[in-house]
Amino acid sequence: MSEEIQGSAESTPQPNSKPLKPRANNSTKPSASKPRPVATDAKSSTQNKTKSRSRNRRQSTPVDENLKTFVVKNQEAHKQRLNPHYKLDLNSKAKVRITPLGGLGEIGGNITVFETENEAILVDIGMSFPDEDMHGVDILIPDFSYLRQIKDKIKAVIITHAHEDHIGAMPYLYKEMQFPIYATPLPLAMIGNKFDEHHLKDCRKYFNPIVKREVYDIGNDFKVEWMHMTHSILDSSSLAITTEAGTIIHTGDFKIDYTPVDGYTADLHRLAYYGEKGVLCLLSDSTNSYNTLPTPSELSVAPALDRVFAKAEGRIILSTFSSNIHRVYQAIQYGVKYNRKVCVIGRSMERNIETAMQYDYIRLNKNIFVEPEQVAHMNDKDVLIVTTGSQGEPSSALFRMSIGEHRHIKIKPTDLIVLSSRAIPGNEGSISGMLNHLQRAGAKVASERDIHVSGHASMEEQKLMLRLVNPKFFLPVHGEYNHVMKHKETGIMCGVPERNIMLMTDGDQIEVAPKYMRKVKTVKTGKTYIDNQNNHQIDDDIVLDRQKLATDGIVMLVAQVDGKHTKMLAKPKVTTFGIVADRQDKAFAKEMEDILENFLMHVKEGQIENPRALENDLRQIIRKHIFRKMKKYPLIVPHVLVS
Ligand SMILES: [Zn+2]
């Protein structure tokens with residue numbers, strides 16, 4: 001290696017540079033030790049220079065053998081530093097199993113089980129949002145079947161942060177089974193609010209508030225440390241979960257914000273500490289795997305807010321995620337700067353601001369707030385409304401304002417709407433619909449792009465995480481398959497061998513030991529549908545029926561038969577909805593009535609065992625007919641009346 005460098009530095013390229021060594025030693029010594037001759041005139045100086053250059057071209061500088069040994073020693077030091085294998089106990093028989101029950105192959109609904117032979121801990125219990133075809137479903141919670149199976153092993157629930165996709169399913173789990181909950185104060189306070197709403201006040205007794213940077217023994221097999229992380233909600237954490245098999249770092253959701261609003265930067269030192277000690281496995285946030293530019297600091301929205309607020313002439317109505325307390329806090333500060341009073345509208349927004357103030361995460365003077373009913377009597381220039389509905393949710397305050405159905409706030413042409421948020425994939429349509437309503441009502445909409453920043457790490461921050469933690473094994477988590485896949489590429493770039501990276505989907509159970517990582521089995525996963533109006537579960541078949549009704553319509557048929565002989569007593573009656581236009585209804589029904597009549601007339605005595613079996617037959621006949629004619633599978637409701 002040193003020879004190559006010598007060859008390319010000053011001398012002309014030499015295919016075999018070995019013989020140069022002794023000559024180089026002899027000839028360079030004198031010129032290096034003697035003072036340079038003083039040039040008498042320009043000509044001789046040029047000659048000298050040419051001479052020495054031609055000498056250098058032929059000869060190379062000497063190699064200091066001692067220095068060379070230090071090059072080797074430094075290479076060894078790099079190898080030790082960068083190769084986590086050396087730091088793990090490869091003779092250990094210990095292993096740990098990791099099973100995501102939600103959050104992989106999807107956005108949201110995060111829940112992960114960490115399991116040893118005898119014990120288990122759960123990290124986060126989140127919810128997710130339904131697809132548009134899940135009619136009447138408000139939220140989705142993970143299927144708890146596997147947790148029921150290992151219930152007796154579970155020692156605790158560990159929470160990384162208070163976003164809905166990490167704590168939203170807590171009340172539903174705690175209605176069924178309870179475990180101690182370990183988390184920092186804000187997530188506990190927000191879980192507490194949920195428990196209260198669900199009449200589970202008593203479950204607050206499971207709270208175990210923790211202090212970051214301290215290590216907690218959980219059961220006999222787990223030691224857990226919470227490390228502060230920056231994200232789009234206050235008081236977020238990464239976890240260091242230490243088991244006999246080694247330490248696992250779970251980043252939770254994160255971005256690396258060097259200038260967070262509260263000054264609490266991500267605890268890179270603790271991550272580096274574990275990285276130095278040797279990390280068995282890293283689970284890291286993949287949400288923004290495709291973003292090549294670093295995610296901007298939360299503080300970077302301040303200039304945009306200032307600009308927008310400075311030129312607003314009427315009321316400002318700002319909407320963002322109610323959990324993004326720092327965003328709300330910054331907006332309120334600029335409202336105050338321009339002498340506006342703040343009106344907070346929307347249940348979750350009110351509750352989150354109140355909780356953050358109660359626990360001193362933010363400090364705001366109470367006299368800056370006004371009630372919604374006061375707004376109508378105030379000067380428009382004196383009002384900042386902070387509200388929910390940035391995703392265009394039909395039940396939100398902003399949506400109701402947009403269609404003129406909000407009790408206190410009617411949209412005016414001088415209003416300025418500021419959406420300080422990104423559209424969650426799938427919500428673009430409802431947001432656009434709401435903006436149409438708002439603009440039809442005359443309001444202006446601020447369209448500055450820099451009025452929102454993401455809470456998730458881009459590729460560069462993912463690299464920093466990988467390099468700090470330096471794991472032997474890597475499991476990219478949080479995200480759809482393509483996000484996780486991209487994160488894998490970043491992992492390989494950052495020195496994790498491809499064979500040490502696995503792409504999981506929900507239900508995959510991965511076993512990790514110092515020597516290996518492998519998939520051992522698949523456990524049951526899925527989603528439970530929840531109706532938010534009553535917080536009750538909706539059974540799968542109800543949702544399937546609703547989908548059928550919505551896409552393919554319904555057919556009802558009534559037949560009257562004689563119980564003994566299964567003889568038809570009256571012509572069958574068919575009614576359909578959502579299949580053909582009203583004017584074709586009669587003809588279409590008659591067609592099917594004739595088919596049924598024909599079938600019933602030819603049923604042989606004793607051929608049909610009972611009315612249920614007959615109903616099935618009728619259903620099949622109609623299904624076939626409608627599919628042949630319409631290529632549809634409507635919901636078919638047969639009624640056989642036996643007289
Ligand atoms: Zn989050």
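Every number for a ligand or one of its atoms is a count from 1 in the order of the listing. The structure displayed is predicted, hence computed values, not measured ones.
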May I ask you to check if any N/O/S atom from H456 comes under 2.8 Å of the Zn ion (ligand 1)?
no
Sub-6.0 Å ring centroid separation between H163 and F321:
no
Does H406 have its ring centroid less than 6.0 Å away from the ring centroid of F399?
no
Quick one, E197 with R347, criterion salt bridge (Lys or Arg N to Asp or Glu O under 4.0 Å). Give me CA distance, side-chain angles, the key distance, then yes/no.
CA-CA 12 Å; E197 252 175 47; R347 201 164 51 115; 3.6 Å; yes
Are the aromatic rings of F195 and Y174 close, with centres under 6.0 Å apart?
yes
Check whether any N, O or S atom of D165 sits under 2.8 Å from the Zn ion (ligand 1).
no
Nearest to the Zn ion (ligand 1), which N, O or S atom of D253 do we find?
OD2
Answer yes or no as to whether an N/O/S atom of H163 is found below 2.8 Å from the Zn ion (ligand 1).
yes
For the Zn ion (ligand 1), which N, O or S atom of H161 is at the shortest distance?
NE2
When the ring centroid of H250 is compared with that of H478, is the distance short of 6.0 Å?
yes
